Amino acid sequence: MSQVILLDDISVIEALSKVKPGLQKYLYIRNLIYNVDVSKCADFKQAFNGFYRMRQRPQLFYDTFYRFMEENKYHSPTFEQALKFLFKELDRVEASFSSKLVATINPELPIRDSIVLKNLGKKAPAYYRKTRLQETLELYDDIIKWYESYLKTEEANKIIRFFDETYPNTGLTNVKKIDFVLWQIRD
């Protein structure tokens with residue numbers, strides 16, 4: 001569960017050198033979310049879609065997604081609530097975007113996407129599985145537990161320290177700092 005990523009200082013510094021453009025976009029999104037109606041604000045949608053690479057979706061998806069975000073941004077919805085709502089409305093298991101929605105509202109929650117899964121040595125449930133929705137929920141719970149455990153390690157403390165030295169006073173949670181580094185570690 002508490003798999004350590006084992007990044008050397010050079011790898012952390014390389015990952016952090018790639019963070020700045022995304023960090024600026026993320027801070028812009030966090031600044032806008034409580035100051036606009038996200039279901040109507042084109043600037044917010046463009047920033048969110050660009051940052052999280054949410055492209056080429058039917059208009060119904062965007063309308064449903066941003067309506068749920070707007071209606072729930074003051075209630076900190078859970079991953080399960082977002083996932084089940086999008087499944088009910090769109091008949092799709094939108095694990096990655098559900099996690100991005102809830103993690104944008106509550107920065108103590110992690111992102112769950114293919115890059116993070118790969119870096120944590122985890123795999124998404126297969127599309128054809130009848131139990132995919134439940135397995136997706138269990139996988140997200142595993143990711144949360146991983147973060148809880150990992151944040152207690154010396155490696156996590158080192159990454160957070162390097163992050164704070166490189167980007168002081170961001171106001172980001174430690175979960176988000178680790179998210180940003182994990183997101184930069186790609187083949």
Side-chain angles (χ1 to χ4, degrees), residues 12 15-87 89-90 92-120 136 140 143-144 146-147 151 156 159-160 162-186:
V12 173
L16 286 172
S17 72
K18 300 174 189 174
V19 164
K20 188 174 186 174
L23 177 61
Q24 291 171 333
K25 291 175 187 174
Y26 177 78
L27 293 173
Y28 180 70
I29 290 165
R30 287 284 302 154
N31 182 54
L32 276 184
I33 192 170
Y34 296 106
N35 293 309
V36 300
D37 179 337
V38 302
S39 68
K40 296 176 183 171
C41 181
D43 285 345
F44 180 86
K45 292 177 186 180
Q46 182 178 20
F48 190 95
N49 293 351
F51 178 68
Y52 288 118
R53 300 176 179 156
M54 191 162 74
R55 296 179 182 94
Q56 300 175 336
R57 301 288 175 151
Q59 190 60 47
L60 177 62
F61 173 87
Y62 292 113
D63 293 346
T64 303
F65 183 90
Y66 287 112
R67 177 174 44 90
F68 180 84
M69 183 182 269
E70 178 61 29
E71 290 171 356
N72 290 279
K73 68 185 183 184
Y74 294 107
H75 308 294
S76 278
T78 65
F79 175 74
E80 180 175 3
Q81 289 168 327
L83 185 73
K84 286 184 173 179
F85 176 82
L86 293 175
F87 181 74
E89 297 292 315
L90 304 170
R92 295 178 50 92
V93 177
E94 291 287 352
S96 178
F97 293 125
S98 293
S99 78
K100 292 167 181 172
L101 185 154
V102 299
T104 299
I105 294 170
N106 179 357
E108 290 292 341
L109 294 174
I111 298 296
R112 180 263 191 221
D113 70 3
S114 61
I115 295 163
V116 172
L117 290 178
K118 183 175 185 224
N119 285 322
L120 300 185
T136 299
Y140 192 72
I143 293 169
I144 289 174
W146 181 88
Y147 268 85
L151 285 170
I159 291 170
I160 292 164
F162 281 3
F163 192 103
D164 290 341
E165 289 169 3
T166 308
Y167 305 106
N169 306 314
T170 61
L172 265 59
T173 65
N174 289 340
V175 167
K176 221 32 71 203
K177 293 170 188 174
I178 298 297
D179 260 356
F180 266 103
V181 171
L182 285 178
W183 229 26
Q184 299 308 319
I185 303 169
R186 303 169 192 219

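This one's a predicted model, so the numbers in the text were calculated from it and none came from an experiment.
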Short question: side chain of [X], backbone of [Y] - any donor-acceptor pair under 3.5 Å?
X     : Y      : value
Lys45 : Ser39  : yes
Ser76 : Asn106 : no
Lys73 : Ile33  : yes
Arg55 : Asn49  : no

Least distance between heavy atoms, [X] atom then [Y] atom:
X      : Y      : result
Pro110 : Tyr140 : O-OH, 2.8 Å
Leu101 : Met69  : CG-CE, 3.7 Å
Thr170 : Lys177 : OG1-CE, 4.4 Å
Pro77  : Asn72  : CD-O, 3.2 Å
Ala103 : Lys176 : CB-NZ, 3.6 Å
Phe65  : Phe97  : CE1-O, 3.4 Å

Q: Would you please classify the geometry between the Tyr66 ring and the Tyr62 ring as parallel, tilted or perpendicular, with 30° and 60° separating the classes?
A: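 Aromatic pair Tyr62/Tyr66 classed parallel.
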
Q.
Run Leu90 and Leu60 through side-chain contact (heavy atoms from CB on, under 4.5 Å) and show every step you take.
A. CA-CA 8 Å; Leu90 304 170; Leu60 177 62; 3.8 Å; yes

What's the separation between atom [atom1] in [X] and atom [atom2] in [Y], rounded to the nearest 0.5 Å?
X      : Y      : atom1 : atom2 : value
Phe79  : Ile143 : CZ    : CD1   : 7.5 Å
Leu172 : Ile178 : CG    : CD1   : 11.0 Å
Leu16  : Thr166 : CG    : OG1   : 4.5 Å
Tyr147 : Leu182 : OH    : CG    : 4.5 Å
Leu120 : Arg112 : CG    : CZ    : 11.0 Å
Glu94  : Glu89  : CD    : CD    : 13.0 Å

(Q) Is there a side-chain contact (heavy atoms from CB on, under 4.5 Å) between Val38 and Phe68? Walk through the geometry before answering. (A) CA-CA 10 Å; Val38 302; Phe68 180 84; over 6 Å; no

Q. Would the Tyr26 and Phe180 ring centres measure less than 6.0 Å apart?
A. yes

Q: Mind checking side-chain contact (heavy atoms from CB on, under 4.5 Å) for Asp113 and listing every partner two or more places apart, or none if nothing turns up?
A: Ser96, Lys100, Ile111, Ile115, Val116, Trp183

Q.
Can you list everything that forms a side-chain contact (heavy atoms from CB on, under 4.5 Å) with Asn169? Sequence neighbours excluded, please.
A.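 Here no residue qualifies.
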
Q. Would Leu27 and Tyr167 satisfy side-chain contact (heavy atoms from CB on, under 4.5 Å), going step by step from the backbone distance to the final call?
A. CA-CA 12 Å; Leu27 293 173; Tyr167 305 106; over 6 Å; no

(Q) For Gln46, I'd like to know if atom CD has over 12 heavy atoms of other residues, nucleotides or ligands within 6.0 Å. (A)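 No.
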
Q: For residues Asp179 and Thr173, determine if any side-chain heavy atom of one lies less than 4.5 Å from a side-chain heavy atom of the other.
A: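 Counting from C-beta outward, Asp179 and Thr173 never come under 4.5 Å.
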
